[in-house]
*Asks:* 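A single structure is presented below for examination.
Throughout, residue positions are numbered sequentially from 1 according to the sequence presented.
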Amino acid sequence: ACALLDPFAEIGPSCGTELSGASLARLSPGAELKPHFGTHPRLTVHLGLRTPPGASLTVGGQEVVWEEGTAVVFDDTYPHKVQHRGILPRFVLVAWMCHPCDLSWRWKQTTLWQA
């Protein structure tokens, strides 16, 4: 995570989950990410920036098509895959953050807030 995200407990280093942070993701036409899932409790957010037709995300068997300016949020522990059958690159801002049901990071924050 970069210094810009440090103050945000859900996404910064105090989150404590594996790989919290943010990134810009480009998906080229014809590309795909095979089914995979996260091994740590976290939420993934995809904010559509450039979302041409043909690119889709499948989470837990449900297909989602990105829309510009719209966020898709899903539990990273669910199997998910990405494919792009269109002709223009797709761009999304991806953020990984602590899962609200993971009490370990919330307990740390409560302790810090009370100090």
*Asks:* To the closest 0.5 Å, what do you measure between OG (S56) and CD (Q62)?
*Replies:* 12.0 Å
*Asks:* Using the test side-chain contact (heavy atoms from CB on, under 4.5 Å), find all partners of F74 that sit at least two apart in sequence or belong to another chain.
*Replies:* T44, H46, L57, V59, V72, D76, H80
*Asks:* Could you pull out the closest heavy-atom pair between Y78 and F37, with the gap in Å?
*Replies:*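 Minimum heavy-atom contact is O-CB, 3.8 Å.
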*Asks:* Atom CG of L24 and atom CG of L47: how far apart are they, to the nearest 0.5 Å?
*Replies:*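 Those atoms lie 10.5 Å apart.
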*Asks:* Drop me the distance from E68's CD to T51's OG1, to the nearest 0.5 angstrom.
*Replies:* 4.0 Å
*Asks:* Name the atoms and distances for all side-chain donor-acceptor pairs under 3.5 Å in residues 84-93, with sequence neighbours left out.
*Replies:*
unit_1, atom_1, unit_2, atom_2, d
H84, ND1, G86, N, 3.0
H84, NE2, L88, O, 2.5
R85, NH2, Q83, OE1, 3.3
R90, NH2, A25, O, 3.4

*Asks:* Do V65 and V73 sit in the same hydrophobic cluster, where Ile, Leu, Val, Met, Phe, Trp and Tyr count as joined when their side-chain heavy atoms come under 4.5 Å apart?
*Replies:*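 Hydrophobic grouping puts V65 apart from V73.
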*Asks:* Look at the side-chain heavy atoms of Ile, Leu, Val, Met, Phe, Trp and Tyr, link any pair under 4.5 Å apart, and say whether V64 and V82 land in one connected group.
*Replies:* yes
*Asks:* Are there more than 12 heavy atoms of other residues, nucleotides or ligands under 6.0 Å from atom CD of E32?
*Replies:*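 Atom CD in E32 is crowded, with more than 12 foreign heavy atoms closer than 6.0 Å.
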